[in-house]
Amino acid sequence: MSLTHHLAAGDLLNALRGAACPSSALHLYSLLRLRLRPSDPSYLASRAAVLALKPLSAASSLPLLSHFHGHLLRSNLIAYPHVASSLLRSYSLLSPSAAHQLFDQIPPATCNIYVLNIMLASLCRSSDLDSARAFFDGIPDKEAVSWSTMLACYFSRGRLADGFALFRSVTFTTNIAVDCIMLTTLLTACTSAGLLPPFCRSVHGYVVRCTLPTSMHLGTTLIDCYAKAGHLDYATRVFSRVPNRNVMHWTAMICGMASHLRNKEAVQLFEEMCQRRVQPNEMTFTAVLSACVNAGLVEKGREFFKLMVDRYCLEPNIHHYGCMVDLYGKARLLEDAYEVIKTMKVEPNVFIWTSLLAACKKFKNVKIAIEGMEKALALEISD
DNA sequence: ATAGGGTTAG
């Protein structure tokens, strides 16, 4: 507190950049406002407002946000397009209707392409496709961001034909260069639609030919795409050429190995990743645990589960518990499997019970089967 | 000098 008293506006701005919770952000913001002199450039206050908005929307508190909105109106900071667009984005994540309302009040002079793209993204998330498309069509000077927002909207809602048609028009009717993000969007859609190998290769070829800077996301998506298509050799090649592999790259690779029953390699990759001090996440553990299930590696599975909780402090979810029930059930350790269900912190679902009952059937354990069945039925009724 | 689009689970 006393320390912040001596900080210059620039330092306060930096502190604001790192502020995580709304209260510290608002505190730093008001200190900075007090510190500003008439001689300071007027954009400083607007930059501070933008930085303060981030933790505000992360805390997802609508009252706090509208309070700050009031301040932005009174101080007229809202006339800065980047302030208006940041506010609009914050609203759109919390309340699409409030975002819509705000958008209608933004004067034409402030309503630049950023504001329009954010509004488009908001409609894409919360509104029907036709309204989003109508809004998109009305944007005068569309940028790559506008196109990729609309593309992602179609693809994420399963409208593949419309998505591809839109991709064709961006490539053939505009001068807009296809960038990494558009390609990521496109590849994700193709991967989920099962349109894999030739397409993936041509996108990959395009990336290499045009020496596009391969973003972290695009690298992950390429690995995932090749792996899902069963081209683990290509996936491995892409993987090995990513300069600073992050969790996502490792996880995509481990998932790929596990889903093609190359379980030993999945486990090896996982161990190598830990050695290299890359922090695994929930998804990584789902992948490596399922490799253990496939290969019947009971002790490894037990070890990894412990690692997840004790060392990486991750809360096991339904997928992890499912793997453990499977792992024990398939190894005839029915008591252990049942123990997992009895002690797990989330509600067991139908997959979990089915897995246990299947193991009971296989190993002819009537006692646990009856008990499990009763519990499963009791849950069903109480739902 | 500041703001916007994309990634992973039978």
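Atoms considered below: every heavy atom in the structure, side chains included; atoms not considered: hydrogens, waters and symmetry mates. Just so we're on the same page: letters track the sequence lines, and every chain starts at 1.
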- [ ] Could you tell me whether A/Glu282 contacts a base, only the sugar-phosphate backbone, or nothing, with contacts defined as non-hydrogen atoms closer than 4.0 Å?
- [x] nothing
Task: Nearest to side-chain heavy atoms of A/Ser85, which nucleotide of B/dT7, B/dA3, B/dA1 - done: B/dA3
Open item on the list: Expressed as a whole number of angstroms, how long is the span from A/Phe155:CZ to B/dG5:P?
Closed with: 18 Å
- [ ] Step through it carefully: locate the ring centre of A/Tyr328, locate the ring centre of A/Tyr338, and say whether they are under 6.0 Å apart.
- [x] no
TODO: Among the candidates B/dG5, B/dG6, B/dA3, find the nucleotide nearest to the side-chain atoms of A/Ser215.
DONE: B/dG6
Open item on the list: Counting the atoms with a prime plus P, OP1 and OP2 as sugar-phosphate, which does A/Asn246 contact under 4.0 Å by heavy atoms, base, sugar-phosphate, or nothing?
Closed with: nothing
TODO: Looking only at side-chain atoms of A/Val50, point me to the closest of B/dT8, B/dA3, B/dG5.
DONE: B/dA3
Open item on the list: Counting only side-chain heavy atoms from C-beta out, which of B/dT8, B/dG5, B/dG6 sits nearest to A/Arg89?
Closed with: B/dG5
TODO: Answer with base, sugar-phosphate or nothing: what part of the nucleic acid does A/Ile223 contact at a heavy-atom distance below 4.0 Å?
DONE: nothing
Task: Residue A/Thr188, side-chain atoms from C-beta onward, closest of B/dT7, B/dA3, B/dA1 - done: B/dT7
Open item on the list: Over all strands shown, is A/Ala144 touching base, sugar-phosphate only, or nothing at heavy-atom distances under 4.0 angstrom?
Closed with: base
- [ ] Round to the nearest Å and state the distance from A/Asp179 atom CG to B/dT7 atom P.
- [x] 14 Å
- [ ] Using a 4.0 Å heavy-atom cut-off across all strands, classify A/Thr286 as base, sugar-phosphate, or nothing.
- [x] base
- [ ] Could you tell me whether the side chain of A/Thr221 has a donor or acceptor atom within less than 3.5 Å of a complementary atom in the base of B/dT7?
- [x] no
- [ ] Identify whether any heavy atom of A/Pro41 sits under 4.0 Å from a base atom; if not, whether one sits that close to sugar-phosphate; answer base, sugar-phosphate or nothing.
- [x] nothing
Task: Whole-Å gap separating C1' (B/dA9) and CG (A/Asn294) - done: 13 Å
- [ ] Measure the distance from CG on A/Leu77 to C1' on B/dA3 and round it to the nearest whole Å.
- [x] 14 Å
TODO: Look at the side chain of A/Thr184 and decide which nucleotide, out of B/dA3, B/dT7, B/dA9, has an atom nearest to it.
DONE: B/dT7
TODO: Using only side-chain N and O atoms of A/Lys228, determine if any of them is under 4.0 Å from OP1 or OP2 of B/dG10.
DONE: no
Task: Whole-Å distance separating the CE atom of A/Met248 from the P atom of B/dG6 - done: 13 Å
Open item on the list: Using the rule side chain to side chain contact (heavy atoms under 4.5 Å, CB included), only one of A/Leu120, A/Ile106, A/Leu87 pairs with A/Val115; which is it?
Closed with: A/Ile106
TODO: Using the six-membered ring wherever Trp is involved, compare the ring planes of A/His71 and A/Phe68 and label them parallel, tilted or perpendicular (cut-offs 30° and 60°).
DONE: tilted
Open item on the list: Let's test your reading of the model: under 3.5 Å, does the base of B/dG5 pair with the side chain of A/Ser148 as donor and acceptor?
Closed with: yes
- [ ] Calculate the interatomic distance between A/Leu93 atom CG and B/dG5 atom P; express it in whole Å.
- [x] 8 Å
Task: A/Leu218, nearest nucleotide to its side chain (from B/dA9, B/dA1, B/dG6) - done: B/dG6
TODO: Starting from C1' on B/dG5, measure out to CD1 on A/Ile139 and report it in whole angstrom.
DONE: 11 Å
Open item on the list: Would you say the rings of A/Tyr154 and A/Phe136 are close, in the sense that their centroids are separated by under 6.0 Å?
Closed with: no
- [ ] Check every atom of B/dG6, B/dA3, B/dA9 against the side chain of A/Asn317 and return the nucleotide holding the closest atom.
- [x] B/dA9
Task: Gap between atoms CG and P, on A/Leu289 and B/dA9 respectively (whole Å) - done: 16 Å
Task: Minimum side-chain heavy-atom gap A/Phe304-A/Val267 below 4.5 Å - done: yes
Open item on the list: So if I take every side-chain heavy atom of A/Pro81 and compare against B/dT8, B/dA1, B/dA3, which nucleotide ends up nearest?
Closed with: B/dA3
TODO: Compute the centroid of each ring, for A/Trp250 and then for A/Phe239, and state whether the two points are separated by less than 6.0 Å.
DONE: yes
- [ ] Could you check whether A/Thr149 gets within reach of a base, just the sugar-phosphate, or nothing at all, counting any heavy atom under 4.0 Å?
- [x] sugar-phosphate
Task: Side chain A/Thr185 and base B/dG6 donor-acceptor under 3.5 Å - done: no
TODO: Could you tell me whether a side-chain N or O of A/Asp224 sits under 3.5 Å from a main-chain N or O of A/Ala227, the two making a donor and an acceptor?
DONE: no
Task: Proximal nucleotide (of B/dG6, B/dA1, B/dG5) relative to the A/Tyr43 side chain - done: B/dA1
